[in-house]
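Lettering of chains follows the sequences in order, A, B, ..., and the numbering in each one begins at 1.
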There are 2 protein chains.
Amino acid sequence: MVSFEGLRLNSGSPIYRQIVLYLKKGIASGHIADGEELPSRRVLSALLGVNPNTVQKAFGILEEEGMIRSHSGARSFVKADSDVAGRIRMELTLEQARALASSMKQMSVTREQTLELIDRVWGEEE
Amino acid sequence: MVSFEGLRLNSGSPIYRQIVLYLKKGIASGHIADGEELPSRRVLSALLGVNPNTVQKAFGILEEEGMIRSHSGARSFVKADSDVAGRIRMELTLEQARALASSMKQMSVTREQTLELIDRVWGEEE
DNA sequence: AAAACCGTATTAGTTGTATAATACGGTTTA
DNA sequence: TAAACCGTATTATACAACTAATACGGTTTT
C-alpha cells in the first residue's frame with residue numbers, strides 16, 4: 001500500500017497538483033513501486049484532511065497520464081515499470097534544474113555561487 | 001525607468017505574483033536600482049496586456065513589503081538600498097536552493113548528481 | 001446473498017484570480 | 001491655470017480551484 005505520510009500540504013499550489021507531484025516523485029525515486037496498491041479516495045482524503053473530490057481530481061489526472069490504473073468499484077494500483085519511472089525521473093529533475101538555473105541567472109548569481117549554495121544547503125537539517 | 005521587457009508572463013502562477021517576483025529579482029540582481037522610477041499602473045498594464053487592477057495588486061504588495069514607495073497622484077519609485085537588495089537576494093536564493101535540495105532528495109537524487117545536473121544544465125541555451 | 005467498500009458522477013456554494021468600467025482627488029506639465 | 005496623467009478605490013462579472021453533500025452501480029468480503 002502506498003503511504004502518503006510524507007506528503008505535507010502547503011498553500012502555495014493547488015492541492016490536487018501537490019498530490020500528483022508527490023506520487024510522481026515517489027515513482028521517480030523508486031519508493032513507490034509498480035503494481036502497488038493505492039488507498040481509496042475516501043481514506044486518503046480523510047488522511048490528508050481534504051475533500052474526496054480533490055483526491056479524485058488528482059487520481060483522475062494520474063490515470064490520464066498513465067501512472068495509475070482504476071477499475072470502477074475496486075481499488076486503484078500504481079502503474080510504473082522501470083521505463084516509466086526512469087522517464088519521469090529524467091523529466092522532473094531536468095525541469096527543476098533548468099528552472100533553478102534560469103532563476104539564479106535572473107538574480108545575477110553565478111554558476112559557482114549556485115553550486116556552492118546548493119552544496120551548503122544540502123547539509124542543513126529540516 | 002524600470003524596464004519590464006524581460007517579464008514573460010506564464011499561466012503557472014497568478015500574474016500579480018509574477019510581477020512581484022520579477023521586481024524582487026531585479027532588485028536582488030542590482031539591475032533595478034534604488035530610487036529608479038516605475039512605469040505607471042496604466043502604462044505597465046497596457047505593456048503587459050493585463051488589467052490595471054492586476055498591476056495595482058502587485059504594486060500594493062510591493063509597497064506593503066517596502067520595496068517601492070507611492071504618493072497618490074505622482075509616479076512610484078523603487079526603494080532598494082544595498083541592505084534591502086542584499087536581504088532580498090539572500091532570501092530568494094536560499095529559498096530556491098532549499099526547495100531544489102528538498103525536491104531532489106524526495107526523488108533520491110544525490111548531492112553529487114544534483115550538482116552535476118545543474119552544472120550541465122547551466123550551459124544550455126534557452 | 002448481504003454488508004461494506006470502492007470508483008465515479010452530479011449539484012451547489014465559497015474563495016481567489018482576473019477582467020471591465022468608472023470615479024475621485026492629487027501631481028505634473030504645457 | 002488647465003489639461004493630462006497619476007495613485008487609489010469601488011462595483012460587477014467570469015472562471016478556476018476547492019469544499020460539501022449526496023447518489024449510483026460495481027467489487028470485495030464476510
Just to be sure I understand the geometry, which residues of residues 16-25 of chain B put a non-hydrogen atom under 4.0 Å away from DNA chain C?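 The stretch gives B:Tyr16, B:Arg17 as the residues lying under 4.0 Å from the strand, ordered by number.
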If you look at every heavy atom in [X] and [Y], which pair is closest and at what distance?
X	Y	result
B:Arg69	B:Gly35	NH2-CA, 4.5 Å
A:Gln96	B:Leu100	O-CD1, 3.6 Å
B:Ala101	A:Val121	CB-CG1, 4.2 Å
A:Ile118	B:Thr114	CG2-CG2, 4.4 Å

Which parts of [range] get close to DNA chain D, meaning a heavy atom less than 4.0 angstrom away?
range	answer
residues 50-59 of chain B	B:Asn53, B:Gln56
residues 60-81 of chain A	A:Ser72, A:Gly73, A:Ala74
residues 36-47 of chain A	A:Arg42

Identify every side-chain donor-acceptor pair in residues 3-10 of chain A under 3.5 Å, counting partners at least two apart or on other chains, and give the distances.
residue: A:Ser3; atom: OG; partner: A:Glu5; partner atom: N; Å: 3.2
residue: A:Arg8; atom: NH1; partner: A:Glu5; partner atom: O; Å: 2.9
residue: A:Asn10; atom: OD1; partner: A:Gln18; partner atom: NE2; Å: 3.4

Just so I know, are the side chains of B:Leu48 and B:Ile15 near enough to count as touching, which here means a heavy-atom distance under 4.5 Å?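 SC-SC contact between B:Leu48 and B:Ile15 ruled out.
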pair B:Tyr22-B:Ile19: side-chain heavy atoms closer than 4.5 Å: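 B:Tyr22 does not reach B:Ile19 side chain to side chain.
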For B:Glu65, enumerate each residue passing the side-chain contact (heavy atoms from CB on, under 4.5 Å) test, keeping only those at least two apart in sequence or located in another chain.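 B:Glu65 satisfies side-chain contact (heavy atoms from CB on, under 4.5 Å) with B:Lys24, B:Ile61, B:Met67 only.
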Not counting sequence neighbours, which residues clear side-chain contact (heavy atoms from CB on, under 4.5 Å) with B:His31? List them please.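 A:Ser108, B:Ser29.
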Could you list the donor-acceptor pairs under 3.5 angstrom formed between side-chain atoms of residues 75-83 of chain A and any protein atom two or more places apart in sequence or on another chain?
residue: A:Arg75; atom: NH1; partner: A:Glu37; partner atom: OE2; Å: 2.6
residue: A:Ser76; atom: OG; partner: A:Arg41; partner atom: NH1; Å: 2.7
residue: A:Ser76; atom: OG; partner: A:Ser70; partner atom: OG; Å: 3.0
residue: A:Asp81; atom: OD1; partner: A:Asp83; partner atom: N; Å: 3.1
residue: A:Asp81; atom: OD1; partner: A:Val84; partner atom: N; Å: 2.9

Suppose the criterion is salt bridge (charged side-chain N to carboxylate O under 4.0 Å, His left out): which pairs have a residue in residues 107-121 of chain B, not counting sequence neighbours?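 For residues 107-121 of chain B: A:Arg111-B:Asp119, A:Asp119-B:Arg111, B:Glu116-B:Arg120.
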Taking only residues two or more places apart in sequence or in another chain, which ones pass side-chain hydrogen bond (donor to acceptor under 3.5 Å, both in side chains) with A:Ser45?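 side-chain hydrogen bond (donor to acceptor under 3.5 Å, both in side chains) check on A:Ser45 returns nothing, list empty.
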Tell me every residue that passes side-chain hydrogen bond (donor to acceptor under 3.5 Å, both in side chains) with A:Lys57, counting only those two or more places apart in sequence or in another chain.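 Result, side-chain hydrogen bond (donor to acceptor under 3.5 Å, both in side chains) vs A:Lys57: none returned.
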Where the side chain of B:Lys105 meets the backbone of A:Trp122, is there a donor-acceptor pair that is under 3.5 Å apart?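 Such a contact is found between B:Lys105 side chain and A:Trp122 backbone.
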Flag, side chain of B:Thr93 to backbone of B:Arg89, donor-acceptor distance under 3.5 Å: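 The answer is yes, because a donor-acceptor pair under 3.5 Å joins these two groups.
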Under 4.0 Å from a heavy atom of chain B: give me the 5'-most and 3'-most nucleotides of DNA chain C that qualify.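 So the contact region on DNA chain C extends C:dT17 to C:dT27.
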